[in-house]
Structure formats: structure tokens, C-alpha cells
Amino acid sequence: MTAHAAAVQNPVLGLRPAGDRAVLVELRTLGAVLALTSKLAAAQHAGDLEVVDVVAAATTVLIVAASPDAVARAAAYVRALQLEDAERAPGRLVHIETVYDGADLEEAARLTGLSPEALVAAHSGAVWDAAFGGFAPGFAYLTHDAAPSVPRRTSPRTVVPAGSVALAGAYSAVYPGESPGGWQLIGHTDAVMWDLSREDPALVAPGDRVQFLPVRESASLAAPAPGAAPVKCGVEHGAHAPHRAQATISAGGEATARAEAGLVVVRPGLQTTVQDAGRPGRAALGVSPAGALDRGALRRANRMAGNAPDAAGLEVLLGGLELRAERDQVLAVTGARVPLRITGPGTAQEHGPSTPEHDPSQGRDAPLDAAFALLAGETLTVGPPARGLRTYLAVRGGLEVDRVLGSASTDTLSGIGPAPLAAGDALAVAPTRGAHVVGLPEVPRRSRIPPPPPSCAC
């Protein structure tokens, strides 16, 4: 057998472990990537694989599994595949009406050796495959076998408008929101590529097919159900802005409609966000898992506060958070080693954070890794960490925050979930549910980072 024949028969170049629950599959061609993702999707749907995420790129596929055993089974499944015989199931066909008036249309035509009219005809006459997701939710890399190669701009734009239809390399794409970009802009569409109010937020998902329809005026889109013929439909304008869950974190300390404000942010510190277990399974759409960086610490805090493990809490970066209780609360704080100080209604510090050196009569210390009470009118100050970076705070009942794509987590990269906390925000605390009880104090896991050496007075 020749080396060429072997390469055709085995498009998998290798498998590399990525941590203990993921494997990176390296492939020879984009066609092999599409074939593998199709096979993995079918196996996942049939329940043959416990796969959390399948993230494709130009020549790689990252498989994230639920456990080390599950990722081992996924790797064995890939090794046993005959990808050269794999037939990809045809995805949905999405029609996107496009006005070809892009600022780079003439330059892109020149770079391909075509007239602008011929480039438009070639772009709209092809059926493009959505190969993989991009840098933002709703951004899909589209390709087809005869796609012309168009170099990126030598000077990227700082702002590309939402809905811009663009070319770069052998790919086409539609920008789902306003962002920087270096692709060649050939047109625009009013199609909303990412809308959290839809059951499937992404208009185009990996595996789908896309055809651009040239129009002269306003553009609309058609996203048919699988197997259905495409039907044109109108689109609401102004839906490109990132969705933020604001229903239960209100500015200025106002109570929310669903739950009373239990805590008010006096100072948010450097960055304090709402986090839970995250929203895994959507990385292929450009949505990161988010969630607590130290999930074990958040679970411990919830356990000690008497919550379910997946209850929403706060992730505090480098301390500096001050919270005032509007009603009596039970809290638990874990993670980085920080001082915790509670001051009474008349002793909250207004010109600087509280410190353990203040007169004990002006407040009391609170324990780490144990449940404690914060009474109505009292203020808790989370000081700077002596060790570690992130502190996790749970409140009995959990924070009452809208869930977006199944999670209350703040995702600053994707622009999903509640915004980072700001001074004056009112945090609604959910009522206690179920039979959870406040837990006993816990000793955190020993850090793998050795403690600093003792100081020497030599």
C-alpha cells in the first residue's frame, strides 16, 4: 500500500489528551473534520457516547466528555472509525437574504480576479457548509469546495457592523454582533444570527447549510425546520445586543418583582460576578462553559449554606466586596484565604474597606469555610486574599437570578448572563427549597501551591 493510499484511508493524524476529560483529534482535511463531527453527533444522539462538547476547527476536533472513562471510550470510538466511508447527514438549509453593498466588494472581486457582479453570483450561487463556530455566539465559518480564497484586510477594522456578510480565506461568515474584524465586507443582512429568545439561539449551527439570496432592499431570513422547505419570514430589528439577565439584579437597591432584595452591594471590589456550575455543551456555538472557575469551592460554600450544589453564588476576584444585609441571612465563604469582617448598621466603613485591626466593639470577624449569620443592617467586607485569587460566597437559598441557556452564570466573553456587580445593585435571595440544612464547617482541600517560606531575620 502506498503512503498516499494510507493517508486516504486514515485521515486521523493523531489524538492528544487535553486534561483528563478531553481529547484533541488532529485530522488531515476539513472534510474529515465534518465527517467526524457528524459521526460524533449521531453517536451522542444514540446514547453511545457521554460527550459534553464537540468543538470543531479547520483540522481538529476537541471532544469533551463527562468523565475520564467517557473520554477514553470516545477516543476508542474515533480510532475505530473509517472516516473515508462516512457520509454526512445533510443539515438544515438556511436562506439568508443579503444586500451586496459591502465596502470591500470591489477589492474582494479584484483579489479573486472576478468582477463584482461575478463575485456576487459565485457567492450567492453556492450552498455553503457551516463547518464550525467562531469567536462569538452565532458566528459560523461557512465553506464550500469551490470557494475562492480571499486574503484578509491588511488593516483590520476596529468596528464591523452586526449583520455584515464577509469573506476571508476560503470562508464566508455573517457577523452576529458589532465587533472588530479583518474580513472583507461584501454585503449585509438583517438576519439575526444569535437570538436568545429563540429555542435554538443560533440561526446557523455547525452542520447546517447556507445559501445567500441577493436582494436590493431590506433583508430577511428563512430558517426551516429539519427536512422542511425553506420559507421566508420577517425579522425583528435591534435584536443583536447581548442578552443580560437583569430581572433580579437591579440597580440602585430596588427590590425585584419575584423576590425581595436580601443583599445590597456597597462595593463590588475589582470584579464580582454571579456564577454557578456553568452552561457546558455549547462551545461549538461560541458559548463558553463559564461557571465558577473553582467549582469545588462553590459547591462547598453551597453545601455549608444549605443549598443545592448548583445554586448561584458570587465569585469575588481579589477581595474588596462589601455586602449589606437587608434581611437576616446565612452565608458561607470559601476559596481564597481572605479576612472577613462584619460591622453593624452604624459602623459600616464609608471611606475605605473594613480591616481586622478596627476596635472589636465596632464589629466582629466571620469565619471562612463555615456558615455564619449576617443580620439585617450588618455589612460583610471581604478583604484582600493572603493566598489565592477567587473567593466564593453562598447565601442560604441561593441568588434569584434568571437562567440563560440553563445557567445563571456571568459569561463576559460571550456577553451572556448578568453583568458584573456594581455598587447599589440589589441581590434577590431565593426562598429556601427542599430539605437542605446548613452544613458543618469544612477544611478546604490542601492547595497544591506550597506556602511561602517563613521570613528570616538573619
Side-chain angles (χ1 to χ4, degrees), residues 262-263 265-278 289-325 328-342 353-356 363-375 378-401 407-410 417-418 420-421 427 429-430 432-434 436-452:
L263 297 165
V265 179
V266 179
R267 290 184 177 86
L270 179 63
Q271 184 183 64
T272 300
T273 57
V274 176
Q275 299 294 346
D276 56 15
L293 188 65
D294 185 346
R295 286 170 170 75
L298 180 58
R299 284 195 296 268
R300 288 198 305 276
N302 274 322
R303 188 161 55 244
M304 287 182 286
N307 297 335
D310 61 349
L314 297 180
E315 181 180 83
V316 187
L317 177 62
L318 293 176
L321 174 67
E322 290 191 22
L323 295 175
R324 184 180 70 250
D328 292 355
Q329 305 292 343
V330 173
L331 306 180
V333 179
T334 63
R337 305 292 88 187
V338 294
L340 300 175
R341 185 74 173 171
I342 296 174
S354 304
T355 63
R364 65 186 188 278
D365 292 331
L368 274 173
D369 304 306
F372 61 90
L374 186 68
L375 304 180
E378 291 184 331
T379 297
L380 170 70
T381 298
V382 179
R387 188 176 179 188
L389 294 177
R390 290 172 176 84
T391 304
Y392 295 87
L393 183 151
V395 55
R396 172 76 160 152
L399 297 177
E400 187 76 51
V401 180
S407 171
S409 289
T410 299
L421 299 192
L427 307 180
V429 177
T432 303
R433 300 180 177 91
H436 299 285
V437 296
V438 174
L440 296 174
E442 296 187 15
V443 177
R445 290 182 181 180
R446 181 177 297 176
S447 171
R448 296 180 182 178
I449 303 174

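Scored by the side chain to side chain donor-acceptor pair (under 3.5 Å) test, D276 finds R403, S407, S409 as partners (sequence neighbours excluded). Under the side chain to side chain contact (heavy atoms under 4.5 Å, CB included) criterion, A325 pairs with L263, Q329, L374, sequence neighbours left out. With sequence neighbours left out, the side chain to side chain contact (heavy atoms under 4.5 Å, CB included) criterion links A394 to A301, N302, A305, N307.
For the pair V316/L270, no side-chain contact is recorded, criterion being any heavy-atom separation below 4.5 Å from C-beta on. The shortest side-chain heavy-atom distance between E315 and L293 falls under the 4.5 Å cut-off. The shortest side-chain heavy-atom distance between I342 and T379 does not fall under the 4.5 Å cut-off. By the 4.5 Å heavy-atom criterion applied to side chains, E322 and L380 are not counted as neighbours. Taking 4.5 Å as the limit, every side-chain heavy atom of T272 sits out of range of all side-chain heavy atoms of L317. For the pair P385/L318, a side-chain contact is recorded, criterion being any heavy-atom separation below 4.5 Å from C-beta on. The closest side-chain heavy-atom distance from D369 to R337 is below 4.5 Å. Counting heavy atoms from C-beta on, the side chains of V330 and F372 never come closer than 4.5 Å.
Here the side chain of R396 pairs a donor or acceptor atom with the backbone of G306 at under 3.5 angstrom. Put simply, the side chain of T410 gets close to the backbone of P418: a donor and an acceptor are under 3.5 Å apart.
In plain terms, the two heavy atoms of G388 and A336 that are nearest each other are C-CB, 3.7 Å. Across every non-hydrogen atom of A311 and G398, the tightest pair is CB-CA, 4.4 Å.
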Inset, instruction - Take Q271 and R390 through the side chain to side chain contact (heavy atoms under 4.5 Å, CB included) test and state the conclusion after the steps. - result: CA-CA 10 Å; Q271 184 183 64; R390 290 172 176 84; over 6 Å; no
Legend entry - T391 and T334: CA distance, side-chain angles, deciding distance, side chain to side chain contact (heavy atoms under 4.5 Å, CB included) verdict: CA-CA 6 Å; T391 304; T334 63; over 6 Å; no
Inset, instruction - Please test R341 against D365 for salt bridge (charged side-chain N to carboxylate O under 4.0 Å, His left out), starting from the C-alpha separation and ending with a verdict. - result: CA-CA 5 Å; R341 185 74 173 171; D365 292 331; 3.0 Å; yes
Inset, instruction - Kindly determine whether T381 and L340 satisfy side chain to side chain contact (heavy atoms under 4.5 Å, CB included), including the steps that lead there. - result: CA-CA 6 Å; T381 298; L340 300 175; over 6 Å; no
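Residue L427 forms a side chain to side chain contact (heavy atoms under 4.5 Å, CB included) with just one option from L314, V395, V274, and that option is L314.
Atom OH of Y392 and atom CZ of R299 lie 11.0 Å apart (nearest 0.5 Å).
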